[in-house]
Enquirer: 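One structure coming up, written as structure tokens, with questions to follow.
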Amino acid sequence: MSKFYITTPLYYVNASPHIGHAYTNVICDCLARFRRIQGDSVFFLTGTDEHGEKIKRAADAENTSVENFVNSKVSVFKNLWNKLDISYDFFIRTTDNFHKETVGKAIKILFDKGDIYKAKYRGFYCMPCESFWTEAQVKEADGCPLCKRGVEEIVEDNYFFKLSKYESWLKSYLKEKPDLIRPRIRYNEVMGFLDNNVLEDLCISRPKKRVSWGIDFPADSNFVVYVWFDALLNYISAVGFDRDEGRFNSLWPADIQLIGKDIIRHHAIFWPIMLKALGLEPPRIIFAHGWWKIGEDKISKSKGNIVNPLELIEEFGVSALRYFLLREVPVGMDGNFSYKTIINRINSDLANDLGNLVYRVLNMAQKYFSGRIDAGNVNIPDSFNSSLHELSKEYAAYMNEVDFASALDAIWKFIGVMNKFVEEVKPWILWKEAKTDELKWFLFSLLEGIRITSIYIYPFMPRVSESILEQLGLVPEKDIGLENVLWRKRTFVIKKGNPLFPRIDVD
RNA sequence: CGCGGGGUGGAGCAGUCAGGUAGCUCGUCAGGCUCAUAACCUGAAGGCCGGCCGUUCAAAUCGGCCCCCCGCAACCA
């Protein structure tokens with residue numbers, strides 16, 4: 001049994017969660033659940049990033065205090081994770097006191113070490129947009145990139161973190177660890193960036209007169225900490241950095257940190273350097289997933305905003321949504337989201353293949369044996385044997401590589417084998433000819449095959465897994481575990497339910 | 001010449017590193033079956049693998065040139 005520390009990004013609470021937020025956490029949940037049924041000791045962290053002027057402004061816009069605003073947003077996120085069956089172990093908020101203390105402490109450490117210094121910061125400010133821009137951005141847009149109006153050059157004092165000091169270290173470290181940043185395309189992107197740029201030191205403070213909502217900069221109350229610097233540190237503050245050494249040492253480094261591809265630079269460049277400067281190890285893996293592009297089919301237009309994950313759960317159910325997100329596109333690539341694609345997935349994979357298999361088998365078990373089937377003396381069908389053998393080999397390998405699409409594909413191959421088995425054996429004929437032993441062997445094989453399948457499915461669709469096991473007359477808590485995917489003689493006393501996934505008819 | 005990814009049957013992808021019958025899912029068409037959610041099973045049609053040139057007995061796969069699409073190009077939380 002090994003430890004497994006997995007993190008999601010901290011979500012910025014200036015707006016409501018969308019499909020992308022849901023996606024990241026579903027990926028992490030799937031990995032976390034996989035490790036748990038493998039017997040690992042999992043610590044799964046998610047949370048919210050709550051500082052910065054944008055949040056202050058969002059609160060002002062709603063005419064409420066910042067505290068009230070972030071509290072209400074946090075409950076929106078927590079509610080979504082609840083509805084999505086996200087099994088996180090801890091929810092960190094950057095407004096948590098312990099976190100704020102850790103951030104202050106980290107800055108002090110870096111300051112004492114000489115890695116933080118005060119200097120003039122030069123930038124361009126757009127008054128109407130209240131946004132800061134770099135010289136390059138202003139030059140390219142010929143003004144404010146947002147509103148195209150003129151910008152004002154501002155020079156002010158700020159604190160800087162010496163990224164530059166660690167540039168060569170980072171380069172050689174990443175060269176030695178080509179698997180740290182995944183998928184490969186992201187690694188190449190980061191390496192290309194490092195090869196073509198000289199790292200500038202990172203401005204990690206904001207003057208309070210401009211940004212009032214943030215963590216106080218240690219020993220200088222005129223400033224708050226730049227939100228990114230604050231937020232990244234959550235990954236170590238949550239597990240006890242500088243607070244609980246034993247706990248921290250048992251969990252850090254994180255085994256995998258999931259992020260969206262848009263925040264690769266912060267996690268692949270700033271973050272490892274911050275850790276190095278603090279004398280800590282970088283995470284083992286930083287995995288960047290792709291984006292869902294919202295398709296424009298007719299149905300989505302008439303239904304309005306389909307990117308709201310709560311509405312999607314309402315409409316398709318949490319299991320189907322999770323399945324779709326994890327199966328449709330390999331993690332790392334971009335995907336297209338539309339009603340048509342999700343309905344196709346649900347109908348073909350979930351309703352036709354899996355749902356119908358479970359239903360038809362349980363139906364026969366009920367009809368032919370009143371729901372009670374024991375193993376008899378006959379062994380596992382050949383086709384099951386080879387298929388399950390292959391599946392057990394591939395499954396863990398794919399899951400460990402975060403290749404969910406392939407893992408599901410491997411599971412579905414076995415589901416195909418079971419559906420084919422029904423056609424080959426022709427139980428309706430065995431029934432007419434009263435070949436009870438053969439029929440029993442046939443049904444036992446399928447029930448046992450379905451039981452094993454339900455365990456493999458668990459990380460993706462925990463509820464479906466549990467529902468199947470209950471219908472098989474088993475106790476999910478006892479049976480879900482990768483040690484139980486072996487073929488065993490037993491007696492099933494089934495409790496047939498409704499179809500797991502009703503087909504969705506499109507007009 | 002900024003860096004990187006990609007262009008494969010109607011759609012989405014695999015195969016390209018280690019050249020040698022172009023594979024998968026969905027869709028389409030035909031058939032089979034009836035335990036089942038018009039589900040399941042079988043079979044078929046459909047591709048000169050972006051273009052041109054080259055290497056080779058042989059190229060989607062190697063080399064060169066060109067065309068097109070998409071990311072990144074730092075403080076955006």
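FYI, side chains are in, hydrogens and waters are out, and symmetry mates aren't considered; it's all heavy atoms of this structure. Because the structure is predicted, anything quoted here is derived from the model rather than measured.
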Enquirer: To the nearest Å, give me how far apart NZ (K340(A)) and P (rC26(B)) are.
Expert: 15 Å

Enquirer: Relative to the 5' end of RNA chain B, which residue comes earlier, F229(A) or N188(A), by the nucleotide with the nearest heavy atom?
Expert: N188(A)

Enquirer: Measure from OH on Y226(A) to P on rA74(B) and round the result to the nearest Å.
Expert: 13 Å

Enquirer: Given T95(A), which partner from the list K100(A), H51(A), E67(A), E50(A) fulfils the side-chain hydrogen bond (donor to acceptor under 3.5 Å, both in side chains) test?
Expert: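 Between T95(A) and the candidates, side-chain hydrogen bond (donor to acceptor under 3.5 Å, both in side chains) is satisfied uniquely by E50(A).
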
Enquirer: Where does RNA chain B pair, written as one dot-bracket string 5' to 3', with Watson-Crick or G-U pairs under 3.5 Å, ( ) inside the strand, [ ] for crossing pairs and | for another strand?
Expert: .(((((((.[[[[.)....(..]]]].(((((.......))))).....[[[[[..)....]]]]])))))).....

Enquirer: L10(A) near the nucleic acid: base, sugar-phosphate alone, or nothing, with a heavy-atom cut-off under 4.0 Å?
Expert: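 Base contact.
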
Enquirer: Using whole Å, report how far OH of Y12(A) lies from C1' of rC75(B).
Expert: 13 Å

Enquirer: Can you give one letter per nucleotide of nucleotides 31-44 of chain B, 5' to 3': B if a protein heavy atom sits under 4.0 Å from the base, S if only from the sugar-phosphate, - if neither?
Expert: -BSSBBB-SBSS--

Enquirer: E424(A): what forms a side-chain hydrogen bond (donor to acceptor under 3.5 Å, both in side chains) with it, not counting sequence neighbours?
Expert: none

Enquirer: Under 4.0 Å, counting only non-hydrogen atoms across every strand here, what does H266(A) touch: a base, just sugar-phosphate, or nothing?
Expert: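 Base, at least one base atom sits under 4.0 Å.
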
Enquirer: At their closest point, which heavy atom of S454(A) faces which heavy atom of R451(A), and how far apart are they?
Expert: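 Shortest heavy-atom contact: OG-O, 2.7 Å.
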
Enquirer: R210(A) has an atom CZ; how far is it from atom C1' of rC75(B), in whole Å?
Expert: 11 Å

Enquirer: At under 4.0 Å between heavy atoms, what does R184(A) touch on the DNA or RNA strands: base, sugar-phosphate, or nothing?
Expert: nothing

Enquirer: From the options Y121(A), F229(A), F217(A), Y117(A), select the one residue that forms a ring-ring contact (aromatic ring centres under 6.0 Å, His included) with Y159(A).
Expert: F217(A)

Enquirer: I'd like to compare against my own output: the B/S/- annotation of nucleotides 11-17 of chain B with a strict under-4.0 Å heavy-atom distance to protein.
Expert: -------

Enquirer: For RNA chain B, which residues of residues 199-207 of chain A approach it to below 4.0 angstrom with any heavy atom?
Expert: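 Heavy-atom contacts with RNA chain B come from L199(A), E200(A), D201(A), L202(A), R206(A).
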
Enquirer: With no hydrogens and no angle check, is any side-chain donor or acceptor of D201(A) less than 3.5 Å from a backbone partner on L163(A)?
Expert: yes

Enquirer: Between S72(A) and F69(A), is there a donor-acceptor pair closer than 3.5 Å when you use the side chain of the first and the backbone of the second?
Expert: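 Answer holds: yes.
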
Enquirer: With sequence neighbours excluded, what pairs up with T64(A) under the side-chain hydrogen bond (donor to acceptor under 3.5 Å, both in side chains) test?
Expert: none

Enquirer: Report the distance from atom CE of M191(A) to atom C1' of rA73(B), rounded to the nearest whole Å.
Expert: 17 Å

Enquirer: Looking at rA73(B), I'd like to know if its phosphate oxygens (OP1 or OP2) sit under 4.0 Å from a side-chain N or O belonging to R265(A).
Expert: yes

Enquirer: Give me the distance, rounded to whole Å, that separates rG20(B) from rC49(B) when you measure between the C1' atoms they each carry.
Expert: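 Here rG20(B) and rC49(B) have their C1' atoms 16 Å from each other.
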
Enquirer: Rounded to whole angstrom units, what separation is found between the CD1 atom of I55(A) and the P atom of rC76(B)?
Expert: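 Rounding to the nearest Å, CD1 of I55(A) and P of rC76(B) are 14 Å apart.
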
Enquirer: rG51(B) and rC67(B): how far apart are their C1' atoms, nearest whole angstrom?
Expert: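 After rounding to an integer number of Å, I get 7 Å for this pair.
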
Enquirer: What contact category does V198(A) fall into here, base, sugar-phosphate, or nothing, at under 4.0 angstrom with non-hydrogen atoms?
Expert: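 Result for V198(A) = base.
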
